[in-house]
Amino acid sequence: MTATKELNTWIFSPKPNTKAKLRFFCFPYAGGGTSLFRDWVNGLPSDVEVCQVLLPGHDTRIKEKPFSHLITLIEAMVPGLLPYLDMPFIFYGHSMGALLCFEAARRLSRQYNLEPKHLFVSGSRAPQTPCFLKPTHHLPDNLFIDEINKRYKAIPKEILNNQEIMQLFLPVLKADFSIIETYEYTPDLPLNCSISAFGGLQDEMVNIEDIAAWQNQTSGKFTLQMIEGEHFFINHKKPEILKAISEQLVETLTI
């Protein structure tokens, strides 16, 4: 069943824009929430409305059970996007978010004959590229935390040292990593929309070849840009990323 905008828990628009000509959807990385993209509206063109995708278990949906498999999440999420697809739209996702927006785009194309005008992906190997990292989501909490911190250095100390927050945060993070680690790519026709891919030059988890392989997922234009930083470079190189995205949005709006 398709949700209405009024009753929709999947989308948060920090600054609704009645004059928007384009909607820009942001899909979070594992464990991430709306704070990741809260100020992106200030760095994008004025005729773009930023819409943040809210996942069960995250942010205001913290009391809901998080999804642990990508396909079931996509099946539940896509109907929640539909009320917002009444104008041209673009998807952006980082890491897990890149997989989410890619599979959401494929589902929309197959079932509803809808596609984003452009797909932005960052910090993610192309979906058809095999991952050789050992799964972590099934590990005991302490081993899971150790492994994630070793790979990504991503959990802030103030969260790690707060037992109450960790009790809320860990099940969500494990579910998100289950989404990534149990994902199985199904070959299909490439998307018609163009794709822009960003990678971190010092990212030890995803290399330039992994990023470049996104080219095989589009029959349109493909661009690749490598940026200084490790896996979570979007948190430290925001102006550079927003500049590149804004240039593409302006081009899309003039077509």
Side-chain angles (χ1 to χ4, degrees), residues 26-38 52-59 61-74 92-103 121-127 129-185 197-211 226-238 241:
C26 304
F27 294 73
Y29 53 68
T34 57
S35 61
L36 301 176
F37 308 108
R38 185 172 295 153
Q52 301 179 34
V53 178
L54 293 174
L55 303 180
H58 299 244
D59 291 307
R61 304 185 70 181
I62 195 168
K63 293 183 179 180
E64 299 178 47
K65 183 180 179 181
F67 282 83
S68 55
H69 291 87
L70 188 140
I71 297 304
T72 53
L73 172 55
I74 294 297
Y92 169 84
H94 182 83
S95 198
M96 178 187 78
L99 279 182
L100 292 182
C101 70
F102 168 71
E103 286 293 347
V121 293
S122 64
S124 172
R125 61 177 40 85
T129 305
C131 177
F132 299 104
L133 295 172
K134 291 183 178 179
T136 60
H137 67 274
H138 63 285
L139 294 174
D141 290 353
N142 60 327
L143 295 180
F144 173 77
I145 293 169
D146 288 346
E147 187 59 34
I148 294 306
N149 266 340
K150 188 192 305 179
R151 292 183 188 179
Y152 302 100
K153 309 175 186 70
I155 305 177
K157 287 183 179 180
E158 56 268 26
I159 293 180
L160 277 173
N161 296 331
N162 188 316
Q163 190 173 2
E164 186 176 347
I165 293 177
M166 285 300 291
Q167 284 179 343
L168 293 172
F169 183 59
L170 260 183
V172 177
L173 191 60
K174 278 191 163 186
D176 285 354
F177 268 84
S178 175
I179 286 173
I180 299 167
E181 293 171 350
T182 61
Y183 173 71
E184 294 183 7
Y185 172 72
F198 301 95
L201 286 167
Q202 288 78 41
D203 188 347
E204 296 180 1
M205 300 295 107
V206 185
N207 61 41
I208 188 171
E209 289 80 13
D210 296 331
I211 301 285
M226 299 301 291
I227 294 174
E228 283 291 328
E230 298 179 343
H231 188 69
F232 292 101
F233 59 88
I234 66 164
N235 295 331
H236 311 292
K237 295 294 182 179
K238 193 181 300 180
I241 293 169

Looking only at atom types and distance, does a side-chain atom of N149 sit under 3.5 Å from a main-chain N or O of D146, one as donor and one as acceptor? no
Compare all side-chain heavy atoms of L70 with those of T182 and state whether any distance is below 4.5 angstrom. no
Please assess D141 against M166 for the test side-chain contact (heavy atoms from CB on, under 4.5 Å), listing each intermediate value before the final yes or no. CA-CA 10 Å; D141 290 353; M166 285 300 291; over 6 Å; no
Please report the interatomic distance CD(E181) to SG(C131), rounded to the nearest 0.5 Å. 7.5 Å
Which pair of heavy atoms, one from S68 and one from S178, lies closest together, and at what distance? O-OG, 2.8 Å
For the residue pair V206 and G123, what are the closest heavy atoms and their distance? CG2-O, 3.9 Å
Side chains of D203 and Y152, donor plus acceptor under 3.5 Å: no
Which pair of heavy atoms, one from C101 and one from G93, lies closest together, and at what distance? SG-N, 3.8 Å
Please confirm whether the ring centroid of F144 lies under 6.0 Å from the ring centroid of F177. yes
Distance, nearest 0.5 Å, that separates OG1 of T34 from CG of L36: 7.5 Å
Side chains of C26 and V53, heavy atoms from C-beta outward: is any pair under 4.5 Å? no
Working to the nearest 0.5 Å, report the span between CZ of F67 and CD1 of I179. 8.5 Å
If I take atom CG from residue L173 and atom NE2 from residue H58, how far apart are they, to the nearest 0.5 angstrom? 8.5 Å
Roughly how far apart are E64 CD and D59 CG, rounded to 0.5 Å? 11.5 Å
Side chains of N162 and F169, heavy atoms from C-beta outward: is any pair under 4.5 Å? no
Restricting to non-hydrogen atoms, name the atom on G199 and the atom on F233 that form the minimum distance, rounded to 0.1 Å. C-CE2, 3.6 Å
Could you please spell out the steps behind the side-chain contact (heavy atoms from CB on, under 4.5 Å) verdict for H231 and Y29? CA-CA 11 Å; H231 188 69; Y29 53 68; over 6 Å; no
Aromatic rings F232 and H94: how do their planes relate, parallel, tilted or perpendicular, breaks at 30° and 60°? tilted
Side chain proximity check, K237 to E228, heavy atoms < 4.5 angstrom: yes
Please report the closest heavy-atom contact between P56 and L73, naming both atoms and the distance. CD-CD1, 4.5 Å
Is the CD atom of E164 crowded by more than 12 outside heavy atoms at less than 6.0 Å? no
I165, CD1 atom: more than 12 neighbouring heavy atoms under 6.0 Å: yes
Check: F198 main-chain N/O paired with S122 side-chain donor or acceptor under 3.5 Å: no
Can you give me the closest heavy-atom contact between D176 and G31, atom names plus distance? OD2-N, 2.7 Å
Is any side-chain heavy atom of H137 closer than 4.5 Å to one of I180? no
To the nearest 0.5 Å, atom CG of L143 lies from atom CD1 of I148 at 11.5 Å
Would you find a donor on one side and an acceptor on the other, under 3.5 Å apart, between the side chain of R125 and the backbone of I211? no
Do F102 and Y185 have side chains that approach each other closer than 4.5 Å (heavy atoms only, starting at C-beta)? yes
Stepwise side-chain contact (heavy atoms from CB on, under 4.5 Å) check, R151 with M205: CA-CA 7 Å; R151 292 183 188 179; M205 300 295 107; 3.9 Å; yes
With a 4.5 Å heavy-atom cut-off, do I227 and L201 have their side chains touching? no
As a quick check of understanding, evaluate side-chain contact (heavy atoms from CB on, under 4.5 Å) for L55 and L100, giving each step before the final call. CA-CA 11 Å; L55 303 180; L100 292 182; 3.9 Å; yes
